[in-house]
Peer 1: 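Dropping a structure here in structure tokens format, bear with me for questions.
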Amino acid sequence: MSGLNPKQEEARSYTEGPLLILAGAGSGKTRVITHRIAYLIEEKGVSPYHLLAITFTNKAAQEMRERVEQMIDEGQGEIWVSTFHSMCVRILRRFHDRLGGKNNFTIYDTDDQKAVVKEALKVLNLDEKQYPVKGMISAISKAKEEFLSPEELARKNEWNFHDRNVAEVYREYQKRLRSSNSLDFDDLINRTIELFMQHPDVLELYQERFRYIMVDEYQDTNHAQFVLVKMLAEKYRNLCVVGDDDQSIYKFRGANIYNILNFEEEYPDAKVIKLEQNYRSTANILNAANGVIAHNEGRKDKKLWTEREDGEKLRFTCYESDREEAAGLIRTVIDGKHDYSDYAVLYRTNAQSRVIEEGLIRAGIPYQLVGGTNFYARKEIRDMVGYLKAINNPADAQSLSRIINVPRRGIGDTTIAKLREFADAQEMSLYDAIVDVKEIPGLSRAAAKVEAFGELFEEFRRTAETGDLSALYREILEKTGYKLELERENTEEARGRIENLEELGNKITDFEIQHDGATLQDLLEDIALVADTDQEEDEAGRITLMTLHSAKGLEFPIVFMVGMEERLFPSGLSLDSDDPDATEEERRLCYVGITRAEDRLYLSAAKQRMVNGQYIYPAVSRFIDEIPKNLIERDDESFDSFERSVTSAWRPEEMSFHKKTGYIGGESARYFSQKKTDTGSRYSVKPAENRTSGGGFVPDYRVGDRVRHMKFGQGTVTEMEKGGKDYEVTVLFDTVGEKRMFASLAKLRKM
DNA sequence: CGTGGCATAGTTTTT
DNA sequence: CTATGCCACG
């Protein structure tokens, strides 16, 4: 039976009625889901058309799609494998008009939300100090999750002045979204539910279509998502949810752990299957994880086991400082003689990556940083996307006012305010006001400038109608003078921004290749919903750095968990919280971290750590003490501090490190002031604070060479131009024609 | 209207 | 430390 264990096999073939699969870490969950899909199609004769698989991230959806494709012969295109949000977009693109909306709505991301809230606060004359933007966004999100309208929220908060105002912000916010023909992420879910409630025929259409529904990472669903799934599954009741309550780490963003804990109450006829055999970690690692998570209350009863050998004990090292911690882990990596890609460094907060990155750069070890600042969050990218959004949906006042004076064209805040005022008074859109700018009184010099902008904008819209997205993008870059302005700046930063813009151009071209006949709206949807396009492919030969949160679902032979310190991990905020579950969530995060490791797990803490510009002196994390003593070697008890400071400094016999990296140095203080040495690595290693610029990078190919690009395939290099630290390479590709790109970004391989 | 200097705040993250 | 935002000035 295709190599599944009895439990997995049971989960594969139990297809009718509600099913809860409690899948522990490393228990072969994805395997079960994909086998299940194949089983439904090939053994049960269910048409792929009737299947729906919901995941949380696009990455997971992508992965599942690929694995299913490998298993079944045909019809995989008909299966819906999608995230909650993209599923809802697909439905609403078809039926949003039934709710009196338009089907070509724009999706507002967190940044847009922020801008809208700010406007709302201004209109309502509320102080940002008392009503912080972030707080407002999460309050609105929370209200939406509970299906509360602004009016209902106001009624609920009738006796509380402050919260009544929050409801006012919500009302104003929603009003603005409506007039911009836009939906935020929560709206995508809620409007779909609304659609189903108001139009039973539409609901039935989808119920009939999705006769078999699977939801992955069910412990991460929020209430609204729970309701949505319930509605869809109501008719056929073939609902299979997969999750692990011990890996619920997203409560802070609305995940409701009770969705999984109470599944059996919601569906009394539900079958429950526990996958408890772990195929990933050594027994020592697994038992350490079990030992830690046992300190939590209110979990589903289960205990992971493995047939694997005990393996090495876990190791905990307490370093003198965060820098020594970084240096220590680097030494371990170098002494370990494993492939760099076997290692992952996991930390609680993004800020911790910096010290480790600095060490890795100086040691010449290539690394890959997962997460961090989103590509689409960068200013220049947001500006360009702003143009595209405004062109696609001129009603989108947010995008329009973002770009109306970018680059500077003499249309200042006062002018924009007057335009908006006029638009509001005439009950027209901002866009219409721009077109009719001549009718607006009180705009002297600025009127001509607005008019010029309007004409430029019209030009873009005409280009947009041709459907050539790349041409449109290039035209915006050139005709707005955006690129020119950056080129004139001639700074390292500006060059980095140009590279990013170039990269966005590549993405757009790539998107057009992948999706034949795609519209501007399709492109924007992809940008709005697929945030992690930027994630570099897992390239061989790099250490992976990421937060514990991003590590969920992944596995590595050797894992470092750094910063095992009280108030860092568990985080201080969770300890101070009046919600007792907050610390339990941290413990689950620790459990997730430990269970990422296959063979070896190194834990560490620092006695002294730089946080917000000053040193703190933390205590060792409680989680270290929760690991059963017989499974871990701790050095913090056997050494006194003097001894430790001597042994952790650089010593002559550690020259292997220096030889390998080309670094010539002595004590740790100098280690960090030494200039970066070129390791001849073909990877560009970029520090976090300056990820926009290339590192010291020399391509190993030249004009005339044949090269391969990840997406464009093979081609011949026709031109190479050195600009700053990078090379701008022109390649004539066999299939997609000529492309210009930056060497450090394109990752061309010589053939 | 644009910009430089100062004040302020500062988990985790996806859609 | 460092990113961001606001205000005052040219």
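Proteins get letters first, then strands, A, B, ... in listed order; numbering begins at 1 in each.
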Peer 1: For a quick check of understanding: with a heavy-atom distance under 4.0 Å over all strands, which category does A:E128 fall into, base, sugar-phosphate or nothing?
Peer 2: sugar-phosphate
Peer 1: Among residues two or more places apart or on two chains, list those pairs meeting side-chain hydrogen bond (donor to acceptor under 3.5 Å, both in side chains) that have a residue in residues 119-130 of chain A.
Peer 2: A:E119-A:R176, A:E119-A:Q398, A:E119-A:R420
Peer 1: How many whole angstroms separate atom CG of A:D184 from atom P of B:dT15?
Peer 2: 16 Å
Peer 1: Write down the protein N/O and nucleotide N/O pairs, taken from nucleotides 3-9 of chain B, whose separation is under 3.5 Å; answer none if there are no such pairs.
Peer 2:
| residue | atom | partner | partner atom | Å |
| --- | --- | --- | --- | --- |
| B:dT3 | OP2 | A:R408 | NH1 | 2.6 |

Peer 1: With a 3.5 Å cut-off and no angle check, do the side chains of A:E525 and A:Q521 form a donor-acceptor pair?
Peer 2: no
Peer 1: Can you say whether the rings of A:H96 and A:F105 are parallel (under 30°), tilted (30 to 60°) or perpendicular (over 60°)?
Peer 2: perpendicular
Peer 1: Using a 4.0 Å heavy-atom cut-off across all strands, classify A:F84 as base, sugar-phosphate, or nothing.
Peer 2: nothing
Peer 1: Output the residues of residues 608-619 of chain A in contact with DNA chain C, where contact means a heavy atom of the residue under 4.0 Å from an atom of the strand; sort by number or write none.
Peer 2: A:N612, A:G613
Peer 1: Heavy atoms under 4.0 Å, any strand shown: does A:D220 hit a base, just sugar-phosphate, or nothing?
Peer 2: nothing
Peer 1: So if I take every side-chain heavy atom of A:K118 and compare against B:dT11, C:dC6, B:dT15, which nucleotide ends up nearest?
Peer 2: C:dC6
Peer 1: Check for me: is A:F252 stacked on B:dT12 by the 5.5 Å centroid and 30° plane-angle rule?
Peer 2: yes
Peer 1: Counting the atoms with a prime plus P, OP1 and OP2 as sugar-phosphate, which does A:S571 contact under 4.0 Å by heavy atoms, base, sugar-phosphate, or nothing?
Peer 2: base
Peer 1: Tell me the interatomic distance from A:Q352, atom CD, to B:dT12, atom P, rounded to whole angstroms.
Peer 2: 9 Å
Peer 1: Whole Å only: how far is the CG atom of A:L568 from the P atom of B:dG10?
Peer 2: 17 Å
Peer 1: Would you classify A:T415 as touching base, sugar-phosphate or nothing, given that sugar-phosphate means primed atoms plus P, OP1 and OP2, and contacts are heavy atoms under 4.0 Å?
Peer 2: sugar-phosphate
Peer 1: Side chain of A:N58 only, heavy atoms from C-beta on: which candidate in B:dT11, B:dT13, B:dT15 is closest?
Peer 2: B:dT15
Peer 1: With a 3.5 Å distance limit and no angle check, can you tell me whether A:E586 reaches the backbone of A:F569 through a side-chain donor-acceptor pair?
Peer 2: no
